[in-house]
Amino acid sequence: MSRSSRAVSPDESPVNRDGDPLSSARPLVLEASDLVKRHRSSGFLRSRASSDTPAVDGVSLRLRQGETLGLVGESGCGKSSLARLLTAVDRPTSGHVEVLGRRLDQLDGRALRAARRNIQLVFQDPYTCLDPRMTVGAIVREPLLIHRDPAPRRDRRRRVAELLELVGLNPDHADRRPHEFSGGQRQRIGIARALALRPEVVVCDEPVSALDVSVQAQIVNLFTALQRELGIAYVFISHDLAVVEHMADRVAVMHHGRIVEQGTVDEIYDHARHPYTAELLSSSPAPLP
Amino acid sequence: MCAMAVAPGVFSGWFGHGDPRECTLERSGQGPAAGHPFGFDIQGCDLYSNVVHGTRDSLTIGLLATGLSFAVAVVLGSLAGYFGGLVDQVISRVMDIFFGFPLLIGMIVVLQTFGVHDVWSVSVVLALFTWPSLTRIMRSSVLAVRSLEFVTAARELGAGTLRILVRHVIPNAIAPVAVLTSLSIGAVITAEAALTFLGVGLTAPAMSWGVQLNAAQEYFTEHLNLLVFPALFLSVAVLSFVLLGDCLRDAFDPRSR
Ligand SMILES: Nc1ncnc2c1ncn2[C@@H]1O[C@H](COP(=O)(O)OP(=O)(O)O)[C@@H](O)[C@H]1O
Ligand SMILES: [Mg+2]
């Protein structure tokens, strides 16, 4: 994959990736400031390490419409914890999250439900992220039932078919159950569910790392195609640097709960300044051909 | 078995002498005779039709008691497992109290305080001592399901707590407790028989297998049939509920549909 083909965003100039005046013409869709998450440990399993170092330790990031921010870091550095904070699945110990200018981290009940529509999560494990007892149609329909307005009752069927088609699945398979699908197809179902509410931001937590290499490329291509079509912004989490290099406009490097370096793909991959980034780059296999 | 519980008259009529209350004292304790395959009990009543009619009370108690405790277990187990915290603390401590109690003695004590010993009161008492073990199973499977990603996904989509519990958590967590419940129907029927045998369960005009075994206890050395036939039915019933439990286990696997 050459560098130029990476540019999914319509912006032509590479400087636009960097949050400089030119690209700031695009609205900010996600902003996190000083996020800290300390997991409450309980009982005799309490370990000193987990109570002393937070899983997420003062992370700030910004994301503009239609942009992809790659988030890389070794396993256990707090990537999933951060994803759960951004999508308001967990509450931060301190700091705040704004989606489309609305704070998510303090809302409750109905207000939270309405606000988090604009930010959705795609999970790592295609096997546990779908309810095994529901049909694929029911899984993709559920967001439309929770939020009544995006599709009135009579349009829901059509919308579900539309979504399945959008992610490359046969709408006729809507009454099958998840176990009848392969890992890659299940991941597509999860993506269709995440897109049902037409979110501005999708946080993808290692969405391809559980898949076969051949399937990985298909799913990555699906993500880029969806972005081109729908103008979604991604926070794309991965420990695979090659995938991030292909997907992202900007990259943030996470280490022990902190973002140690952030910049355009070129800046990070070719001119890493932080020693940890250099280490990460040198230890990863060659980029995708 | 179920058919026997619903319409005992049909089965008890098979051998010609269907009425369980038609007794002649002179035939007291006699062995099998023509039209009376199991012989007669101590009152001279046809034992076969008694045993068949006993199916109804025994099964009713078994189903009623386990049904009640199943309902309680699903609700309390879900609440304790899903919410954790104080709710879990309270429910778990109450269960601990029951676990600390010797089961049979507990049931005897509680039954003694009841004025009437009919199907309902016996069922309630049996349920009272069955729900804790079922609830504990439900709680732990809810704990396991709660942390699966599709529950997080539902939460992320904005689903309310009730929807998450009813649509996602309970359907995926209910299989173990449902299987255990059907297995405990047999245990409850046995427990009813034991209680009645000890004289604190159902009493004479009722016709459970326990009542018959209770009546048999003084005479079974001379009249073995009084003991054997109700016990045989009891064992078959328990066994069939164990098999039902096995079938349920298979039926609950979404892959098998
Ligand atoms: N629910 C939790 N309770 C306690 N500790 C947790 C929890 N989730 C994650 N952690 C801890 O937080 C750290 C970061 O985990 P995670 O965010 O899953 O990392 P990553 O996704 O980068 O592999 C790990 O040390 C992990 O043990
Ligand atoms: Mg992770």
Side-chain angles (χ1 to χ4, degrees), chain A residues 40 42 80 83-84 86-90 104 107 109-135 138-148 150 176-180 186 189-191 193-197 199 202-203 205 210, chain B residues 74 77-78 80-93 96 138-179 248-257:
Chain A
R40 247 185 315 160
S42 61
S80 297
R84 292 168 69 93
L86 295 177
T87 51
V89 171
D90 288 340
L104 273 192
L107 296 177
R110 193 176 296 269
L112 176 61
R113 213 173 300 170
R116 70 176 10 159
R117 268 178 64 165
N118 292 308
I119 185 157
Q120 291 295 321
L121 189 55
V122 172
F123 295 85
Q124 171 171 11
D125 186 346
Y127 291 90
T128 62
C129 76
L130 307 175
D131 188 334
R133 311 194 68 82
M134 287 169 74
T135 64
I139 289 169
V140 178
R141 193 181 310 114
E142 190 169 32
L144 307 176
L145 297 176
I146 294 169
H147 302 269
R148 304 263 165 182
R176 299 192 180 178
R177 281 169 215 278
H179 68 86
E180 295 174 61
R186 284 160 158 255
I189 298 165
I191 295 168
R193 173 177 63 188
L195 294 179
L197 299 173
V202 176
V203 178
D205 186 1
Chain B
V74 168
S78 304
Y82 189 75
F83 291 106
L86 187 65
V87 185
D88 186 25
Q89 288 289 319
V90 171
I91 294 174
S92 296
R93 290 302 82 77
D96 287 345
M138 186 65 187
R139 174 181 172 276
S140 60
S141 56
V142 166
L143 271 178
V145 170
R146 182 183 72 164
S147 59
L148 294 178
E149 282 182 338
F150 63 81
V151 175
T152 309
R155 215 140 51 89
E156 224 283 308
L157 290 168
T161 307
L162 188 67
R163 184 187 188 90
I164 292 175
L165 275 174
V166 172
R167 293 294 306 261
H168 298 285
V169 176
I170 293 178
N172 282 288
I174 208 165
V177 77
V179 171
L248 268 183
R249 198 186 334 241
D250 296 341
F252 267 113
D253 187 354
R255 275 154 219 277
S256 66
R257 280 186 292 178

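Note that these values count all heavy atoms, side chains included, but never hydrogens, waters or copies made by symmetry. Numbered from 1 within each chain, the chains take letters A, B, ... in sequence-line order. Not measured: the values here are computed from a predicted model.
Expressed to the nearest 0.5 Å, how far CG of B/Leu157 lies from CZ of A/Arg116 amounts to 8.5 Å. Remark: A/Arg133 CZ to B/Ile170 CD1 distance equals 12.5 Å, nearest 0.5 Å.
Identified by a heavy-atom distance below 4.5 Å to chain A, the contributing residues of residues 140-150 of chain B are B/Leu148, B/Glu149, B/Phe150, in residue-number order.
For a residue to count as touching a neighbouring chain, one of its non-hydrogen atoms must lie under 4.5 Å from one of that chain's; by this rule A/Leu130 touches chain B with the backbone only.
Every residue two or more places apart in sequence or in another chain was checked for a side chain to side chain donor-acceptor pair (under 3.5 Å) with A/Arg110, and none qualifies. With sequence neighbours excluded, no residue forms a side chain to side chain donor-acceptor pair (under 3.5 Å) with A/Asn118.
Under the side-chain hydrogen bond (donor to acceptor under 3.5 Å, both in side chains) criterion, the residue pairs touching residues 155-170 of chain B are A/Asp131-B/His168, A/Glu142-B/Arg163, A/Glu142-B/His168, with sequence neighbours excluded.
Closest approach of B/Ala159 to A/Ile146, counting heavy atoms only: CB-CD1, 3.5 Å. Of all the heavy atoms in B/Ala153 and A/Cys129, the pair that sits closest is CB-O, 4.3 Å.
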